[in-house]
Amino acid sequence: MKHLGVMFLGALLFIFQNHGVLAEEGFMKTRGVQLLLNGVPYYGHGFNAYWLMYMGTDPSERVKVSSALREAKEHGLTIARTWAFADGGYRALQTSPGSYDEKTFRGLDFVISEAKKSGIKVILSLVNNYDNYGGKKQYVEWARSQGQSLSSEDDFYTNSLVKGFYKNHIKTVLTRINTLTGVAYKDEPTIMAWELMNEPRCTSDPSGKTIQAWITEMASYLKSIDGNHLLEVGLEGFYGSSNPKKNPNNYQIGTDFIANNQIRDIDFATVHAYPDQWLTGAGYEDQVSFLNSWVSGHIQDAQNILKKPVLFAEFGRSLKESGYTTSQRDRIFTIVYSGIYSSARGGGAAVGGLFWQLLAEGMDNFQDGYGIVLSESSSTVGLIAEESRKLNEIRKMYARLKNIEKWKRAREVRRDRFWSGNKANGTEN
């Protein structure tokens with residue numbers, strides 16, 4: 001039996017000394033408030049880069065996609081959130097209902113292929129609430145051009161023709177065969193999750209019934225096509241009737257963080273955080289105070305009420321306005337990162353954060369005040385790298401524990417076989 005003990009000790013030493021990069025292959029799953037990858041709790045740190053498909057469409061600009069993903073991986077970032085929509089307009093993906101530009105689709109193929117090479121998971125959003133890149137307004141205009149009498153962009157959520165357009169887009173994207181990898185999107189483990197809409201809002205129905213019905217219908221439809229991937233709504237985190245006082249300036253936009261995320265087919269919750277946009281009339285310290293409550297409150301609600309993971313899918317601080325400083329931005333990042341880490345190290349519901357937004361070098365025309373270029377050294381880049389390190393340590397801890405359990409089970413099997421073999425040979429002492 002001595003040789004078995006030596007083997008086991010050696011395995012433990014290898015496990016505890018192994019500080020390599022964890023494998024990123026496999027589909028993401030959930031178990032309670034945790035994300036799982038290959039059976040190990042997953043804590044992701046990442047970024048938003050809505051422009052990836054746009055740049056990937058032009059072969060001469062693809063280097064920006066590759067370099068951004070490479071630099072992100074070098075800084076420990078493991079999740080990219082980006083658009084899988086461009087409805088009408090320049091470099092459109094969907095040029096009209098059901099018609100797609102193959103060149104643009106190949107741009108998205110490239111993004112997924114490059115993310116796969118970099119070991120970065122991708123969250124793909126399927127439509128925009130806003131006019132940028134078409135959004136729900138473009139869908140409504142398409143329906144009007146086919147004779148539908150629609151009075152509001154919010155008819156996107158209720159008109160049967162518009163809903164049919166959107167369902168067709170879901171099906172087209174999910175069943176797309178990547179021209180570079182040969183894998184259908186719905187079978188591609190590089191894709192972490194689908195997002196129904198970027199920041200859905202329905203101000204014409206603050207009761208929330210319209211959005212609730214739309215999420216329920218679309219989530220069920222998407223899951224009927226793709227049972228491999230996780231699904232989230234794309235919510236900012238505003239509350240409806242469940243707790244409106246938690247909203248900044250009592251926002252009532254027709255969504256509800258609790259009710260919307262309790263829908264069965266929604267796998268995890270998302271929160272956005274922009275105190276500089278939501279509390280424009282407030283001082284910086286008031287914005288900071290709000291953010292502290294916003295972060296901790298959503299983590300608690302995900303943990304205790306939803307019992308699902310929560311991802312802080314957008315947050316940032318613009319440096320565009322006069323007087324806005326890098327130190328102010330760093331404080332915003334620190335509050336979000338600290339909340340996530342405090343929850344994650346205790347096995348809580350917060351599973352990661354994605355800052356807005358990552359840019360590559362030479363993209364000044366995409367700079368909205370929030371953009372961060374990782375190759376340009378700054379205190380914020382240092383915070384990003386440190387959060388990556390801390391969350392990765394938690395993941396490695398869980399991986400070690402899982403491996404230890406595997407070795408314990410293997411040792412028990414070997415021991416049982418050893419004793420049963422000795423009994424059969426009559427050599428038992």
Whether [X] side chain and [Y] backbone form a donor-acceptor pair below 3.5 Å:
{"X": "Thr57", "Y": "Gly107", "value": "no"}
{"X": "Asn247", "Y": "Phe238", "value": "no"}
{"X": "Thr95", "Y": "Asp101", "value": "no"}
{"X": "Lys73", "Y": "Ala115", "value": "no"}
{"X": "Asn249", "Y": "Tyr251", "value": "no"}
{"X": "Lys307", "Y": "Asn304", "value": "yes"}
{"X": "Asp205", "Y": "Thr210", "value": "yes"}
{"X": "Asp58", "Y": "Ser60", "value": "yes"}
{"X": "Ser66", "Y": "Val63", "value": "no"}
{"X": "Ser67", "Y": "Lys64", "value": "yes"}

Determine, step by step, whether His229 and Leu174 satisfy the side chain to side chain contact (heavy atoms under 4.5 Å, CB included) criterion, reporting the C-alpha distance in whole Å, the side-chain angles of both residues, the deciding distance to 0.1 Å, and the verdict.
-> CA-CA 10 Å; His229 290 101; Leu174 270 60; over 6 Å; no

Candidate list Trp356, Phe47, Phe333, test side chain to side chain contact (heavy atoms under 4.5 Å, CB included), partner Ile372, passing option |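 Between Ile372 and the candidates, side chain to side chain contact (heavy atoms under 4.5 Å, CB included) is satisfied uniquely by Phe333.
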
Interatomic distance, [X] atom [atom1] to [Y] atom [atom2] [nearest 0.5 angstrom]:
{"X": "Ser318", "Y": "Gln367", "atom1": "OG", "atom2": "CD", "value": "8.0 Å"}
{"X": "Asp286", "Y": "Leu291", "atom1": "CG", "atom2": "CG", "value": "12.5 Å"}
{"X": "Glu188", "Y": "Asn178", "atom1": "CD", "atom2": "CG", "value": "7.0 Å"}
{"X": "Glu236", "Y": "Gln277", "atom1": "CD", "atom2": "CD", "value": "9.0 Å"}
{"X": "Trp214", "Y": "Thr158", "atom1": "CH2", "atom2": "OG1", "value": "12.0 Å"}
{"X": "Thr82", "Y": "Leu108", "atom1": "OG1", "atom2": "CG", "value": "7.5 Å"}

Which heavy atom of [X] sits nearest a heavy atom of [Y], and at what distance?
{"X": "Pro189", "Y": "Glu25", "answer": "CG-OE1, 4.1 Å"}
{"X": "Ser113", "Y": "Leu180", "answer": "CB-CD1, 4.0 Å"}
{"X": "Arg201", "Y": "Asn129", "answer": "N-OD1, 3.3 Å"}
{"X": "Ile120", "Y": "Ala72", "answer": "CD1-CB, 4.1 Å"}
{"X": "Ala68", "Y": "Trp51", "answer": "CB-CH2, 3.7 Å"}
{"X": "Ala86", "Y": "Met53", "answer": "CB-CE, 4.0 Å"}

Assess whether a salt bridge exists between [X] and [Y], defined as any Lys/Arg side-chain N lying under 4.0 Å from an Asp/Glu carboxylate O.
{"X": "Arg176", "Y": "Glu102", "answer": "yes"}
{"X": "Arg389", "Y": "Glu393", "answer": "no"}
{"X": "Glu114", "Y": "Arg62", "answer": "no"}
{"X": "Lys29", "Y": "Asp267", "answer": "no"}

Could you check whether [Y] and [X], counting side-chain N and O atoms only, form a donor-acceptor pair closer than 3.5 Å?
{"X": "Tyr185", "Y": "Asp109", "value": "yes"}
{"X": "Tyr133", "Y": "Asn198", "value": "no"}
{"X": "Gln148", "Y": "Asn159", "value": "yes"}
{"X": "Gln357", "Y": "Asn48", "value": "no"}
{"X": "Gln94", "Y": "Tyr139", "value": "yes"}

Go through Tyr50 and Asn132 one step at a time and tell me if the side chain to side chain contact (heavy atoms under 4.5 Å, CB included) criterion holds.
-> CA-CA 11 Å; Tyr50 73 89; Asn132 308 86; over 6 Å; no

May I ask you to check whether Tyr337 and Phe315 place their ring centres under 6.0 Å from each other?
->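 Yes: the rings meet the under 6.0 Å criterion.
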
Does His169 have its ring centroid less than 6.0 Å away from the ring centroid of Phe85?
->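 Between Phe85 and His169, which both carry aromatic rings, the centre distance is not below 6.0 Å.
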
Measuring only between side-chain heavy atoms, which start at C-beta, is [X] closer than 4.5 Å to [Y]?
{"X": "Ile123", "Y": "Leu311", "result": "yes"}
{"X": "Val288", "Y": "Gln328", "result": "no"}
{"X": "Asp276", "Y": "Gln287", "result": "yes"}
{"X": "Glu314", "Y": "Glu199", "result": "yes"}
{"X": "Met192", "Y": "Leu35", "result": "yes"}
{"X": "Pro41", "Y": "Leu36", "result": "yes"}
{"X": "Ile340", "Y": "Glu387", "result": "yes"}
{"X": "Met28", "Y": "Phe268", "result": "no"}

Who passes ring pair (Phe, Tyr, Trp, His ring centres under 6.0 Å) against Tyr54, sequence neighbours left out?
->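 Once residues adjacent in sequence are excluded, the partners of Tyr54 under the ring pair (Phe, Tyr, Trp, His ring centres under 6.0 Å) criterion are Phe366.
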
Starting from the C-alpha separation in whole Å, work towards a yes-or-no answer on side chain to side chain contact (heavy atoms under 4.5 Å, CB included) for Val173 and Phe105.
-> CA-CA 9 Å; Val173 173; Phe105 237 144; 4.2 Å; yes

In chain order, what residues pass the salt bridge (Lys or Arg N to Asp or Glu O under 4.0 Å) check against Glu217, with sequence neighbours excluded?
->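 With sequence neighbours excluded, Glu217 shows a salt bridge (Lys or Arg N to Asp or Glu O under 4.0 Å) to Lys163, Lys167, given in chain and number order.
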
Salt bridge (Lys or Arg N to Asp or Glu O under 4.0 Å), paired with Lys136, selected from Asp131, Asp155, Asp154 =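 Of all the options given, the one that passes is Asp154.
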
Side chain to side chain contact (heavy atoms under 4.5 Å, CB included) between Tyr324 and Lys320, worked out = CA-CA 7 Å; Tyr324 283 16; Lys320 203 169 187 178; over 6 Å; no

Selection residues 239-259 - residue pairs positive for salt bridge (charged side-chain N to carboxylate O under 4.0 Å, His left out), sequence neighbours left out =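 Every pair satisfying salt bridge (charged side-chain N to carboxylate O under 4.0 Å, His left out) with a residue in residues 239-259: Lys246-Asp301.
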
